[in-house]
Amino acid sequence: MTASPASSPAVSTDSSHALHSPVIAWFDEHARDLPWRRPEAGPWGVMVSEFMLQQTPVSRVLPVYEQWLARWPRPADLAAEAPGEAVRAWGRLGYPRRALRLHGAAVAITDRHGGDVPREHGQLLALPGIGEYTAAAVASFAYGQRHAVLDTNVRRVLARTATGVEYPPNATTAAERRLARALLPEDEGTAARWAAASMELGALVCTAKSPDCARCPVAGLCAWRLAGKPPHEGPPRRGQTYAGTDRQVRGKLLAVLREAVGAVPQSVLDTVWDEPVQRARALDGLVSDGLVEPLDGGFYRLPQTLPQPDPHARTQPRAQTPGHPQV
DNA sequence: GACGCGTGGCC
DNA sequence: TGGCCAAGCGT
């Protein structure tokens, strides 16, 4: 840690920090009524929403979330499907590997947790597609536990209010985790409320481009605002390029396969992109990611077969009965 | 720690 | 218009 003013914020471990009450009160008044926040969503609904919300705006998640929960109301329902169905139902949310991982998580939950989304942070973290943030979010939002839930919204809110800078670092730092833990209310229920409230504040008021300080409940004690809103210093955030990349080609290929009822011949996939080397590389990538299944005769489809047996399964899969090839 | 990974809306 | 941004994860 370097000796920057940002590295030694004046915060105590006091359980009632000055930020808590105003932000939680603001949340009680202004929180959006989102389906995964309703009691009937349950842990599975919370978990599905968290997967979908990874890098994807709420407005685009809403309709797909409703379809998923109606079709697969429990983890076991999704686990019983072919992974390709999850990819298809993912639609155009983007980053379709999330669909595969969510399917894998449903299988793991069914195999090792009796079909119930686990409560423990460590068990959540062990599921495919669940990292530090999502494990904390599910434990906090679904089970009311006390965890530092450090997403891009909370990181920005803390950067501004507590640290006094416009933007957090590019990657989450140990200093940010320490700060978030120090600011966590002692009481479990209050901590869970704080997690949701601080995230919502970042999403609705303390936004990246144009923070609406006039509507901010903690504008009066925001370190960044009190310092005169100094502009961001340091390395610019790495912009994500897209046009002309493999990602764009993968997207086009997968769009064709999602819309197709059955298998698609190579000749049709060849029409989505002119450059053959990049096209082949993109298709290979999709196959090695398990998003696309190659068939004999140059046909491709969304994956119908389970990629790998679960290495964490508590019970061995009934010894590969010989003479029963997977279809 | 830096990359690769989709998609669409917004100013 | 096009860069920026949106509740990250895995390698």
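Lettering follows sequence order; numbering is per chain, from 1.
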**Study point:** Per Tyr242(A) side chain, nearest of listed nucleotides dC5(C), dA7(C), dT7(B)
**Key:** dT7(B)
Review point. Which part of the nucleic acid does Thr134(A) contact within heavy-atom distance under 4.0 Å: base, sugar-phosphate only, or nothing?
Key: sugar-phosphate
Exercise for review: Could you check whether Thr152(A) gets within reach of a base, just the sugar-phosphate, or nothing at all, counting any heavy atom under 4.0 Å?
Suggested key: sugar-phosphate
Exercise for review: Just call it for Val58(A): base, sugar-phosphate, or nothing, with non-hydrogen atoms closer than 4.0 Å on any strand.
Suggested key: base
Point to revise | Presence of Arg97(A) side-chain N/O under 4.0 Å of dG10(C) phosphate oxygens OP1/OP2 | key: no
Check your understanding: Just by distance, with hydrogens left out, do Trp273(A) and Gln278(A) show a side-chain donor and acceptor under 3.5 Å apart?
Key -> yes
**Study point:** Of Gly129(A) and Glu50(A), the one whose closest DNA chain C nucleotide lies more 5'
**Key:** Glu50(A)
Review point. Quick one: are the ring centres of Trp68(A) and Trp90(A) less than 6.0 Å apart?
Key: yes
Practice item. By nearest nucleotide on DNA chain B, pick out whichever of Leu286(A) and Thr172(A) is the more 5' one. Key: Thr172(A)
Practice item. Indicate yes or no: at least one non-hydrogen side-chain atom of Val264(A) is less than 4.5 angstrom from one of Phe299(A). Key: no
**Study point:** Distance in angstrom units between Tyr133(A) OH and dG10(C) C1', rounded
**Key:** 18 Å
Exercise for review: Select one nucleotide: of dC5(C), dT7(B), dA7(C), the one nearest the side-chain heavy atoms of Arg258(A).
Suggested key: dT7(B)
Review point. Does a donor on one side chain and an acceptor on the other come within less than 3.5 Å for Arg98(A) and Thr56(A)?
Key: yes
Check your understanding: Hey, does Arg92(A) reach any base, or is it just sugar-phosphate, or nothing, if we go heavy atoms under 4.0 Å?
Key -> sugar-phosphate
Point to revise | Base dG4(B) to side chain Arg247(A), donor-acceptor N/O within 3.5 Å cut-off | key: no
Review point. Which is true for Arg60(A) with a 4.0 Å heavy-atom rule: it touches a base, it touches only sugar-phosphate, or it touches nothing?
Key: base
Point to revise | Electrostatic pair Asp77(A):Arg74(A) at N-O distance under 4.0 angstrom | key: yes
Check your understanding: Starting at the 5' end of DNA chain B and moving along, which residue's nearest nucleotide shows up first, Asn170(A) or Gly91(A)?
Key -> Asn170(A)
Study note, to complete from the structure: With the side chain defined as heavy atoms from C-beta on, Met199(A) is closest, among dA7(C), dT7(B), dG6(B), to dA7(C)
Practice item. Please measure how far the P atom in dC9(C) lies from the corresponding atom in dG8(B), and state the result in whole Å. Key: 23 Å
Practice item. Identify, residue by residue, the members of residues 26-44 of chain A with a heavy atom below 4.0 Å from DNA chain C, and return them in order of residue number, or none. Key: Arg32(A), Leu34(A), Trp36(A), Arg37(A)
Exercise for review: In whole angstrom, give the distance that lies between atom CD of Gln54(A) and atom C1' of dG6(B).
Suggested key: 13 Å
Check your understanding: Which residue lies toward the 5' end of DNA chain C, Pro128(A) or Asp151(A), if each is placed at its nearest nucleotide?
Key -> Asp151(A)
Exercise for review: Report the distance from atom CG of Leu283(A) to atom P of dC5(B), rounded to the nearest whole Å.
Suggested key: 14 Å
Exercise for review: Specify the separation, in whole Å, of atom CG of Leu100(A) and atom P of dC9(C).
Suggested key: 17 Å
Check your understanding: Rounded to whole angstroms, how far apart are CG on Leu201(A) and C1' on dA7(C)?
Key -> 14 Å
**Study point:** Side-chain H-bond candidate by donor/acceptor type, Tyr95(A) with Arg247(A), under 3.5 Å
**Key:** yes
Review point. Contact class for Leu254(A) vs. all strands (heavy atom < 4.0 Å): base, sugar-phosphate, or nothing?
Key: nothing
Point to revise | Donor + acceptor pair across side chains of Tyr133(A), Gln54(A) (<3.5 Å) | key: no
Check your understanding: Just checking Ala208(A): base, sugar-phosphate only, or nothing, at a heavy-atom cut-off of under 4.0 Å?
Key -> sugar-phosphate
Review point. Quick one: is dG8(C) close enough that its OP1 or OP2 comes under 4.0 Å of any side-chain N or O from Gln55(A)?
Key: yes
Review point. Over how many whole Å does the gap from Arg101(A) atom CZ to dG10(C) atom C1' extend?
Key: 6 Å
Review point. Heavy atoms under 4.0 Å, any strand shown: does Phe51(A) hit a base, just sugar-phosphate, or nothing?
Key: nothing
Review point. Can you tell if the side chain of His121(A) reaches within under 4.5 Å of the side chain of His147(A), non-hydrogen atoms only?
Key: yes
Review point. Taking the P atom of each, how far is dA7(C) from dC3(B), in whole Å?
Key: 23 Å
Check your understanding: Out of curiosity, Gln266(A) CD to Leu295(A) CG, how far, rounded to the nearest 0.5 Å?
Key -> 12.0 Å
Review point. Hey, does Arg281(A) reach any base, or is it just sugar-phosphate, or nothing, if we go heavy atoms under 4.0 Å?
Key: nothing
Check your understanding: Please give, in whole Å, the distance from dT7(B) C1' to Met52(A) CE?
Key -> 15 Å
Check your understanding: Once you round it to whole Å, what is the distance between P of dA6(C) and CG of Leu204(A)?
Key -> 12 Å
Practice item. Look at the side chain of Thr245(A) and the base of dG4(B), then say whether one donor and one acceptor between them are separated by less than 3.5 Å. Key: no
